[in-house]
Amino acid sequence: MTVSFWRTKPLDGGTGRQSGLRKVFGAWHLIALGVGVTIGAGLFSLTGVAAGQHAGPAVILSFLISALACGFAGLCYAELAGMISSGGSAYSYAYASLGEIIAWFIGWDLILEYTVGAAVIASSWSGYLVSLLRSWGIVIDPRLTAPTFTPVTMPDGAVCLAWFNAPTVFIIAAITLLLMRGTTQSSRVNGIVVVIKLLVIAAVIIVCLPFIQPGNFHPFIPPNTGQFGEFGFSGVMRAAGMAFFAYLGFDIISTTTQDTRNPQRNIPIGILGSLLICAIIYAVFSFVLVGVVNYHAMATDPNPVATAMDAIHRPWMGMVIKLGITVGYLSVIYGQLFAQSRITMAMAHDGLLPPLFGRLSPRTLTPGASHLITALVASVLAACFPIAELGNMTSIGTLLAFIIVCAGVLALRWKQPHARRTFRIPGGMFAIPVLGVASCLIVMLSLDGVTWLRLALWLLLGGLVYLTYGFRHSELARLASKAPR
């Protein structure tokens, strides 16, 4: 029984089962998906919190450190995507290289990563929507715009506790309905939204450049307060750990194998292209943001770009940019919910999750049940929990996935050195994968103990689910039992 924990899938998937999904993505679709998810996940939501609570102006370094570590991981993703034809991202890569038990835990981790990630973005989207509507003279009851039990101030000055964040429930439901209409239609909408978002980013940079205050960059790395992670170099690393949440885009690209034409070619292009574009945008944008708004003012601000627009006293431009960001967030939530459905679908096809998660709608060829369950869980998280707590959970999940993928490259280079690789990482056999593991692990260790505890509890719960269901229903186990002896 113990040995079968480490059973692996062939590089071609091995079960002979077709996904039933339409292959609609090309290289540019994948770059748009990666940029659409990556630009927004940290840029519009966590930049202020990371700067105000941990790194100060050096949040720029935090994003660059994250981009470097993500670059190592991105190269490893690209090599595995060029070898392994089944969908499922890091889950499928681990299944082919490290064994079923590792694959299960990384798949379980990705479920947490994408569901919580969608909740984080929906929470920040709600803040931008409320700010935008307020500028139009429309005020939503504050008790319906904050996580449950959060103190809010009513129009009459009274302080009371929030009920739940209603706009987050609305937007998650709307994106879920779009996804359930079909991949072709939803990908077109996503492409339009990404173009709008890039125009907004360019507008923010151009408008804010004249208002940068050099004094906001001093001290560039504020002195540590005496607590690990509160400014100083440890603060820069803590913020880098949070920033990993921003770089989910290329991980999400790797979940689209079964939706992509010629995936061995197009997925590596999508991963590396989107990572390069996003690293440049993050560095420039964070420089502008902390130059306009003092980092102290952003310590508890989930909507730092809206704050920057208010600070430069350009109401008309601020309104346009807030509208663009509010629209731009749709592509981020879209990518998170899309990827989640593909992960659970891959795990269901492998027998590790119930068949319900892999069942496709006969009309739209989308996994409707998986979309609905994910939407329900993400809505509860977004409506009831604070954004900072959710962001840290997503970051540690992302880091763990990156480490597993880098380790998978090492394992396959040792076990299958002559396997066909349409993309091979430059720099020798071990250098980049080892650097990927080391850099991600260092950033992972900078996260707080409570975040580690939550991850451990989630993985413990996953272990129980695997032992009681996944191990006994594994498709590989079923095929092995039918094999001639």
Side-chain angles (χ1 to χ4, degrees), residues 1-19 21 73 76-114 251-260 263-264 267 271 339-355 357-358 367 370 397-398 400-416 419-421 433 436-437 459 462-463 465-467 469-481 483:
M1 178 175 176
T2 302
V3 174
S4 58
F5 282 152
W6 304 100
R7 52 197 172 208
T8 58
K9 291 175 64 175
L11 298 183
D12 63 359
T15 64
R17 178 171 184 171
Q18 298 298 313
S19 70
L21 298 169
C76 293
Y77 268 90
E79 177 163 314
L80 293 181
M83 297 177 64
I84 299 171
S85 59
S86 57
S89 181
Y91 159 76
S92 293
Y93 303 159
Y95 214 154
S97 59
L98 300 173
E100 183 174 283
I101 186 66
I102 302 297
W104 164 262
F105 279 117
I106 200 59
W108 187 252
D109 170 67
L110 288 170
I111 290 173
L112 173 73
E113 177 182 325
Y114 291 133
D251 180 81
I252 287 172
I253 290 172
S254 66
T255 69
T256 67
T257 298
Q258 295 174 344
D259 301 85
T260 300
Q264 277 73 27
I267 288 183
I271 289 172
Q340 170 69 305
S341 69
R342 278 16 182 207
I343 292 293
T344 53
M345 181 178 170
M347 295 176 75
H349 285 176
D350 291 332
L352 303 185
L353 286 177
F357 289 95
S370 181
T398 304
L400 181 58
F402 290 176
I403 288 172
I404 294 298
V405 167
C406 294
V409 169
L410 291 171
L412 285 178
R413 286 188 170 187
W414 173 56
K415 293 193 293 185
Q416 300 192 47
R420 180 174 179 268
R421 291 167 170 84
V437 171
L459 295 181
V465 174
Y466 175 71
L467 291 175
Y469 183 88
F471 179 80
R472 294 187 296 109
H473 292 84
S474 168
E475 186 73 6
L476 283 188
R478 184 186 68 80
L479 293 174
S481 67

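One is the number of the first residue; the rest follow in order along the sequence.
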Shortest non-hydrogen contact between [X] and [Y], atoms and distance:
{"X": "Gly358", "Y": "Ala348", "answer": "N-CB, 3.5 Å"}
{"X": "Ala339", "Y": "Ile252", "answer": "CB-CG1, 3.7 Å"}
{"X": "Pro433", "Y": "Cys76", "answer": "CA-SG, 3.8 Å"}
{"X": "Asp109", "Y": "Gly397", "answer": "OD2-O, 2.8 Å"}
{"X": "His349", "Y": "Glu475", "answer": "O-CB, 4.0 Å"}
{"X": "Pro355", "Y": "Tyr469", "answer": "CD-OH, 3.6 Å"}

Rounded distance [0.5 Å steps], [atom1] in [X] versus [atom2] in [Y]:
{"X": "Leu112", "Y": "Ile343", "atom1": "CG", "atom2": "CD1", "value": "12.5 Å"}
{"X": "Lys9", "Y": "Ser97", "atom1": "NZ", "atom2": "OG", "value": "11.5 Å"}
{"X": "Ser92", "Y": "Leu110", "atom1": "OG", "atom2": "CG", "value": "9.5 Å"}
{"X": "Ile101", "Y": "Leu352", "atom1": "CD1", "atom2": "CG", "value": "9.5 Å"}

Do the non-hydrogen side-chain atoms of [X] and [Y] ever get within less than 4.5 Å of each other?
{"X": "Ile111", "Y": "Phe357", "answer": "no"}
{"X": "Pro354", "Y": "His473", "answer": "no"}
{"X": "Thr8", "Y": "Lys415", "answer": "yes"}
{"X": "Asp350", "Y": "Leu476", "answer": "no"}

- In sequence, state the C-alpha distance, the side-chain angles, and the governing distance for Phe105 and Tyr466, and then conclude on side-chain contact (heavy atoms from CB on, under 4.5 Å). CA-CA 9 Å; Phe105 279 117; Tyr466 175 71; 6.0 Å; no

- side chain to side chain contact (heavy atoms under 4.5 Å, CB included) partners for Ala94, two or more places apart: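 Partners of Ala94 under the side chain to side chain contact (heavy atoms under 4.5 Å, CB included) test: Ile102, Ala103, Ile106, Ile404.
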
- Message: Could you work out, with side-chain hydrogen bond (donor to acceptor under 3.5 Å, both in side chains) as the rule, every residue matching Ser370, not counting sequence neighbours?
- Response: Thr344

- Can you pull the salt bridge (charged side-chain N to carboxylate O under 4.0 Å, His left out) pairs that have at least one residue in residues 93-104, sequence neighbours excluded? Arg7-Glu100

- Query: Parallel under 30°, tilted from 30 to 60°, perpendicular over 60°: which one fits the rings of Trp104 and Trp108?
  - Reply: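 Parallel, since the angle between the ring planes stays under 30°.
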
